[in-house]
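Everything below concerns the one structure shown next.
No hydrogens, no waters, no symmetry mates; every other heavy atom, side chains included, goes into these values. Chain identifiers are assigned alphabetically (A, B, ...) following the order of the sequence lines, protein sequences preceding nucleic acid strands; residue numbering begins at 1 within each chain.
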Amino acid sequence: MTGEKVTEYERKRIENIKRNEELLASLNIKSKLSDLSASSKRHRVQAKSYKLSPEKKLKSETPVVIRRSLRNQGMKPDSAGLKDDFTEPPKSSLTNLKSQVTSNKSPRELVPISMSDASTCSQSDAVLVNKILSVCELSDTKKANGKVRVAIDLKSMELEPENVARVVPNRILCVKFFPSADMKMVVVGNKFGNVGFWNLDSEGEEGDGIYMYHPHPGPVSAILIQPFSLNKIITSCYDGQIRSLDVEKQTFGLSYTTDHAIFSMSQRLDDVNSLYFGEGHGLVRVWDERSGKSSFSWELHDSRINTIDFNPVNINMMATSSSDGTACIWDLRKVGKSKPKSLKVITRKRAVHAAYFSPSGSLLATTSLDDKIGVLSGANYDDEFMINHYNQTGRWLSTFKGVWGWDDSYIFVGNMKRGVDVISTEERRLVTTLESPNMTAIPCRFDAHPCKPGMLAGATSGGQVYVWSS
DNA sequence: CCTTTAATTAAACGG
DNA sequence: CCGTTTCCATTAAAGG
């Protein structure tokens with residue numbers, strides 16, 4: 001699509017600007033170090049009251065180039081990530097200047113990064129590590145990580161003030177609950193490559209339950225958590241990396257790297273060793289984690305793939321949504337050298353940003369920039385009804401993606417008036433909007449807690465997370 | 001055709 | 001409280 005080329009140009013331009021900025025930042029980084037480290041402590045203290053944040057942004061010295069403070073990007077004062085898709089790597093002066101003030105690894109480097117190196121908070125994260133590992137060590141009989149499928153009462157859903165927090169700075173692109181009923185913990189990824197953890201069960205514990213790391217140099221596009229190995233958290237990045245956090249080893253390992261952006265990632269329930277991700281301008285790649293090889297790659301779209309999802313019941317069925325204006329359902333039963341068989345193509349007027357199967361697998365919800373949410377149903381997904389829904393989030397907000405709740409009844413999607421619209425598939429209309437004075441910004445990305453009915457996390461473009469609960 | 005510009009938009013920050 | 005800054009979306013329209 002022509003839009004893609006504009007984006008490419010834009011990216012290139014921004015990269016150059018960023019590079020200049022990095023150079024300037026390096027020149028006077030020493031004078032800023034004290035300020036940066038001093039204020040990084042305050043960040044956590046104020047994390048739950050974003051409005052009163054005392055953080056000071058580093059004042060820009062020149063109005064021409066776009067400048068962002070390292071702290072504003074959630075980075076340690078000495079770490080910096082550079083991407084070089086379009087030009088030669090910045091050698092010489094910049095590299096040397098940086099090496100004078102840092103011995104830390106850049107998140108761009110193709111090696112594992114330890115959690116402590118990636119941590120952006122001064123406080124110890126031992127409580128977080130212990131929490132995750134202790135739930136992992138529960139005996140199988142005590143474990144409660146089964147996915148629930150129940151009807152919920154929308155009226156019971158509320159947003160308590162203590163379930164609001166700023167977990168990371170800036171724009172959140174993805175949010176995910178740990179798939180365990182023994183935990184109320186969300187993980188988010190933001191535009192700067194930060195991965196933030198928020199333990200909502202941190203009552204009586206030290207700190208506020210919020211921990212932040214910087215394992216990626218760019219936007220985090222997806223988060224996967226293995227239901228049966230909760231200590232393994234996989235993240236993908238626009239800068240072409242997939243990292244796998246092993247909480248036991250306390251390292252963000254590097255699973256895959258490419259020059260192309262990774263916009264989406266998913267996993268089949270029956271195969272935890274394969275990652276499916278959308279790479280570049282329409283490629284779906286299947287990566288075998290154990291062999292470290294790409295088992296398949298298919299050119300399925302003409303533009304970026306925004307979501308990949310698997311039918312929870314018919315496990316060979318995969319749905320993709322793309323900025324080429326289509327959403328597709330694929331049959332993965334016969335994948336040899338050729339592409340999977342296309343079972344269904346939905347064509348929309350504009351980019352499609354999500355296509356998710358319902359919990360029973362019999363419905364497919366699509367969200368498109370053409371201001372419609374579509375629901376496919378029927379034996380071959382031949383029936384479709386559309387709901388008008390304003391999806392123009394503009395430049396500063398992540399796009400809306402309608403997600404399913406705990407059964408096939410409802411789809412949850414953000415709206416531009418700081419509410420969560422709820423669409424009933426039974427009534428085929430918008431039935432209610434979740435609103436709360438505690439929701440002071442627009443929630444764009446959602447995740448329903450797989451084991452706790454009524455618990456829904458909404459994430460904003462300002463780094464906040466709202467956890468609604470019954 | 002391809003390339004480039006402008007306009008749009010919400011929220012955090014700071015004076 | 002209000003003006004400034006954000007700048008990895010997206011599209012339409014203008015320009016070559």
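Using cut-offs of 30° and 60° for the angle between ring planes, the A/F277 and A/Y256 rings count as tilted.
Take A/F178 and apply the ring pair (Phe, Tyr, Trp, His ring centres under 6.0 Å) test, not counting sequence neighbours, and it matches no residue. Scored by the side chain to side chain contact (heavy atoms under 4.5 Å, CB included) test, A/K452 finds A/K184, A/H449, A/M455 as partners (sequence neighbours excluded).
Taking atom CG of A/N391 as the reference point, atom P of B/dA10 lies 14 Å away to the nearest angstrom. Between A/H353 atom NE2 and C/dC8 atom C1' the separation is 13 Å, expressed in whole Å. Rounded to an integer number of Å, the gap from A/N170 CG to C/dT5 P is 16 Å. Across the protein-nucleic acid pair, A/I172 atom CD1 and B/dA10 atom P stand 18 Å apart, rounded to whole Å. Atom CG of A/L369 and atom C1' of C/dA12 are 14 Å apart (whole Å). A/Q464 places its CD atom 14 Å from the C1' atom of B/dC13, with the value rounded to the nearest Å. Note: CG (A/L397) to P (C/dT10) measures 13 Å, nearest angstrom. Between the CZ atom of A/R395 and the P atom of B/dA12 there is a distance of 18 Å, rounded to whole Å.
Contact check, A/R350 against C/dT11: a side-chain N or O comes under 4.0 Å of OP1 or OP2. Contact annotation: A/Y238 reaches the phosphate of C/dA9 (side-chain N/O to OP1 or OP2, under 4.0 Å). Between A/K417 and B/dA10 there is no side-chain polar atom (N or O) within less than 4.0 angstrom of OP1 or OP2. Between A/R418 and the phosphate of B/dA11, there is a side-chain N or O to OP1/OP2 separation shorter than 4.0 Å. Side-chain N/O atoms of A/R171 include none lying less than 4.0 angstrom from OP1 or OP2 on B/dA12. For B/dC13, the OP1/OP2 oxygens have a side-chain nitrogen or oxygen of A/R166 closer than 4.0 Å.
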Which dot-bracket string describes DNA chain B (Watson-Crick N1-N3 plus N6-O4 or O6-N4, or G-U N1-O2 and O6-N3, all under 3.5 Å; [ ] crossing; | other strand)? ||||||||.||||||
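Without hydrogens or angle criteria, A/Y211 side chain to A/V127 main chain gives no donor-acceptor distance under 3.5 Å.
The side chain of A/P219 has C/dC8 as its nearest neighbour among B/dT9, B/dA11, C/dC8. In this structure, the nucleotide among B/dA11, C/dT6, C/dT10 sitting nearest to the side chain of A/I442 is B/dA11.
Stacking here means ring centres nearer than 5.5 Å and ring planes tilted less than 30 degrees, and by that measure A/W396 stacks onto C/dT6.
The shortest distance between side-chain heavy atoms of A/P219 and A/D239 falls below 4.5 Å.
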Trace of the side chain to side chain contact (heavy atoms under 4.5 Å, CB included) decision for A/L200 with A/N163: CA-CA 7 Å; A/L200 281 84; A/N163 290 341; 3.5 Å; yes
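In this structure, A/M183 CE and A/N199 CG are separated by 8.0 Å, a value rounded to the nearest 0.5 Å.
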